[in-house]
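In the text below, chain A, chain B and the rest are named by the order of the sequence lines, each starting its count at 1.
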Protein chains: 2
Amino acid sequence: MLYWIPANQNIKNFNKHSAVDLIRFASNGVSRTELAEQMGLTRAALTMIVTDLLENGVILEAESRAIPNGRPPVVLEINPKGGLVAAVDMGATHLNIALADFSAKIIGEKYLPLDIKQGPQSCLAEVNRGLRELLAEHNINLSQLMAVGVGVPGPVITDAGMVVSPPIMPGWDSFPIRDNLQKEWGCSISLNNDAELGALGEWAYGAGRGEQNLAFIKVGSGIGAGLIINQQIYGGTTGSAGEIGHITVDENGPLCTCGNHGCLEAFAGGNAIALQAKKMVASGKRTLLSSIPTENLTAQEVGKAARRGDLPSQEIIMRAGTFIGIAIAGLVNLFNPGAVIIGGGVALSGDLLTTSIRQAVRERSLRAPKQGVHITTAMLGRRSSLMGATVQAVNIAIHDLIEKKHPVYRDILAPEK
Amino acid sequence: MLYWIPANQNIKNFNKHSAVDLIRFASNGVSRTELAEQMGLTRAALTMIVTDLLENGVILEAESRAIPNGRPPVVLEINPKGGLVAAVDMGATHLNIALADFSAKIIGEKYLPLDIKQGPQSCLAEVNRGLRELLAEHNINLSQLMAVGVGVPGPVITDAGMVVSPPIMPGWDSFPIRDNLQKEWGCSISLNNDAELGALGEWAYGAGRGEQNLAFIKVGSGIGAGLIINQQIYGGTTGSAGEIGHITVDENGPLCTCGNHGCLEAFAGGNAIALQAKKMVASGKRTLLSSIPTENLTAQEVGKAARRGDLPSQEIIMRAGTFIGIAIAGLVNLFNPGAVIIGGGVALSGDLLTTSIRQAVRERSLRAPKQGVHITTAMLGRRSSLMGATVQAVNIAIHDLIEKKHPVYRDILAPEK
DNA sequence: TTATTTAATCAAGTGTTTTAACAAAGTAAA
DNA sequence: TTTACTTTGTTAAAACACTTGATTAAATAA
């Protein structure tokens, strides 16, 4: 569940929040009776809770489900038209913005270039412009947005709504990102790390559905991990959990941008892969990559060549996979997650990487955790983080609705007549 | 808090459980008003909750605390005489049993040899004999025990009350440990991994008080870690989280008992340290250890010699520390804990190990998490796990009391006249 | 049509928490 | 000493959430 309550918070509407989350993430819909069993309440109690949620427009009754005997249960579902949210996924070089309904279905999407190094003022202005354009394209007013989930490629302190000592976001340190956007858009904002959101997205609607604990490995130009523990994002004590990219995999390895030697990222990140390819081409080795101008030689091109059967490119990818596998084996030994999901630009370019990762993990992990853990590719492709941001936004919107912090915007999306 | 409630459980008496945990682990006692603030309830509600807890004999009112202005608050404390529990810590070669009151104060303790390889039947008979003897020594009847916390050196599925595929517990796989002891002693039993319990013990009463997340590294003959996440034991999806001993720290390292190469345990565990010392002595190097018969040359002896200034011994210990530090740096990058606590037999033999661990971590960890994390030695010494087992036992006992599952055994420990 | 089964609801009662007023126990200043 | 002030803790009535136990609803099978 997303809505856990620690002992130091009040438990007002706790069961309403639980119920709506169970409904949201149920794979085949769920009835009042099933909810009652799962929540340890009586059916009578669920009748009242569900009535309230129905009146708020948060959920709706779908058609009944056929059962062998007795009265068929009424299946409850989230009401997609219960409200509208936005999701923003900022990468090092891209910006992905989406509008979504309460069922996390994306209504409109925009993919733009972005240079995170331009700093917060410039980038957030770009984000603002992008979102307003997207809203205009769909004839939606900003005031109809109930919440926005935002992802950034750096360590986030969620409570503070800012990043701290980010390695690749110069100028962003301690900039009040959330407060800034909140002021600009006038609705609740949730700020998270992009790998965290990837993990959440895959947990909610991707390859990690139903898992209690999972790790999402984002292999892009750098390498980061997002962790779901007890069905919740785990960000660590100071927001920098999941820094798998800077684990030492070889004491005597090359210098990394972080100042240490032999970091995973220096072996297997997109930048490292491109660098290796360039060196290979320069050495005069016979490869498909020779035809590509050096300045365009990216990890993506290496992946493409590998899929076309270029052996030297395959070797580079597989070597990267082996190093990632070593790091994941360590993660599996420490965390014992139910699933490890490989995502990010580099990972999505083919099965070769995943295969070699899987093999490396198999060779190095202890028996018990290895038996349980599934290593798979991200189901949501390049939208893992965007979906995670959507999930966070819907979280806020729905739970605000339950707490009556929001006017009820029922059927704002093309209401039936 | 120890008493979290996931969304799929009922929340009966939730606030009573929360309140008693806040009282138990408050460092300087806590008043009704403070509790109300921390729990998000009104003072009126707390009056009633506290009255109930007082009537159950779970807590008691201590003397008032002086404040600059206004009526002085009444400080609430756990009632040590609220009940009696036992704790059992089983190691590879030792068995530690204790009786404790509700304030986790140890009333009586027994330290016995044990060979875990003898299997469950024989070992549990030994545990049973030990506990009954300890009870007899203190004139306490078995029926007065309200709960027992048990720790074992293997991966535990707490819900099932058994270990799965333990590396060093032959014959124990899937043996119903908890059910067995429950039947023998007729009270609630909690079964956990020993490193988990070490982490819990240090979190509750040791070097990790007040931390949200921490890792406890147990450096004994092997190396294991216990994780506290969100103030709770995190055991992983299949109970085998924290297997730090089998993280690969050098691809080309020596063969480990687990079948892989270059595991941390093969470099820095107690057995590995002893092995290195033996090799060193055999090589004829000038060292204090030469005077010790080979069969008695343990990691403990190496530690002793190192403290006496024996350079070769110091080198072995520091090398072990460096490797442990490499693994911990990885853990810190992944987990971003608030504290890392080094415990276990080898760690307790001196500061040399901790110092070299600290340095290795400093060199390899990312800036942000490094700033936050404290690396310290276990405060509870060899009793970390035993204290953790006590905490678990008191947990069960107290929360059973609140749910009225237990008769109220008030003042069974030498009641005042 | 009737029996059976399972789902959902209703009405009365229980227990917990809030609201709002008040009592208690201290300090500080008149 | 009295009074004002501050903070803690209590009380009683009302609000609220949930349970209990009975009832209604909607399906299948005989």
Just how far, in rounded Å, is [atom2] of [N] from [atom1] of [X]?
| X | N | atom1 | atom2 | answer |
| --- | --- | --- | --- | --- |
| B:Asn15 | D:dC18 | CG | P | 13 Å |
| A:Leu54 | C:dA8 | CG | P | 12 Å |
| A:Glu61 | C:dT9 | CD | P | 7 Å |
| A:Leu41 | C:dT9 | CG | C1' | 16 Å |
| A:Glu37 | C:dA8 | CD | P | 11 Å |
| B:Asp52 | C:dT16 | CG | P | 7 Å |

Under the salt bridge (Lys or Arg N to Asp or Glu O under 4.0 Å) rule, what pairs show up with a residue in residues 38-51 of chain A, not counting sequence neighbours?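 Listed by first then second residue: nothing to list.
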With respect to the side chain of A:Thr47, which nucleotide from C:dA8, D:dT8, D:dC18 is positioned closest?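 Taking heavy atoms from C-beta onward, the closest nucleotide is C:dA8.
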Sequence neighbours left out, what passes salt bridge (charged side-chain N to carboxylate O under 4.0 Å, His left out) with A:Glu34? Give chain and number order.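 For A:Glu34 the salt bridge (charged side-chain N to carboxylate O under 4.0 Å, His left out) partners, ignoring immediate neighbours, are A:Arg65.
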By salt bridge (charged side-chain N to carboxylate O under 4.0 Å, His left out), which residues pair with A:Glu77, not counting sequence neighbours?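 With neighbours one apart ignored, the set is empty.
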List for me each residue that meets side-chain contact (heavy atoms from CB on, under 4.5 Å) alongside B:Ala204, sequence neighbours excluded, and say none if there are none.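 Applying side-chain contact (heavy atoms from CB on, under 4.5 Å) to B:Ala204 gives B:Phe25, B:Val391.
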Check side-chain contact (heavy atoms from CB on, under 4.5 Å) between A:Glu196 and all other residues, then give those that pass, not counting sequence neighbours.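 By the side-chain contact (heavy atoms from CB on, under 4.5 Å) rule, A:Glu196 matches A:Asn192, A:Asn193, A:Ile233.
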For D:dT19, take OP1 and OP2 only and decide whether either is under 4.0 Å from a side-chain N or O of A:Thr42.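 Answer yes for this pair, as a side-chain N or O of A:Thr42 is under 4.0 Å from OP1 or OP2.
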Respond yes when some side-chain nitrogen or oxygen of B:Thr33 is under 4.0 Å from OP1 or OP2 of D:dG9, and no when none is.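 Yes.
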Between B:Ala45 and A:Leu46, just flag the one whose closest nucleotide in DNA chain C comes earlier from the 5' side.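 It is A:Leu46, whose closest nucleotide lies nearer the 5' terminus.
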Identify whether any heavy atom of B:Arg32 sits under 4.0 Å from a base atom; if not, whether one sits that close to sugar-phosphate; answer base, sugar-phosphate or nothing.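 Sugar-phosphate contact only - B:Arg32 comes under 4.0 Å of backbone atoms but never of a base.
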Dump the pairs, protein N or O against N or O of nucleotides 25-27 of chain C, anything under 3.5 Å, distances to one decimal.
{"from": "C:dA25", "atom 1": "N3", "to": "B:Arg71", "atom 2": "N", "distance (Å)": "3.3"}

Salt bridge present between A:Glu61 and A:Arg32 (N-O < 4.0 angstrom):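 Salt bridge between A:Glu61 and A:Arg32, a charged N being under 4.0 Å from a carboxylate O: yes.
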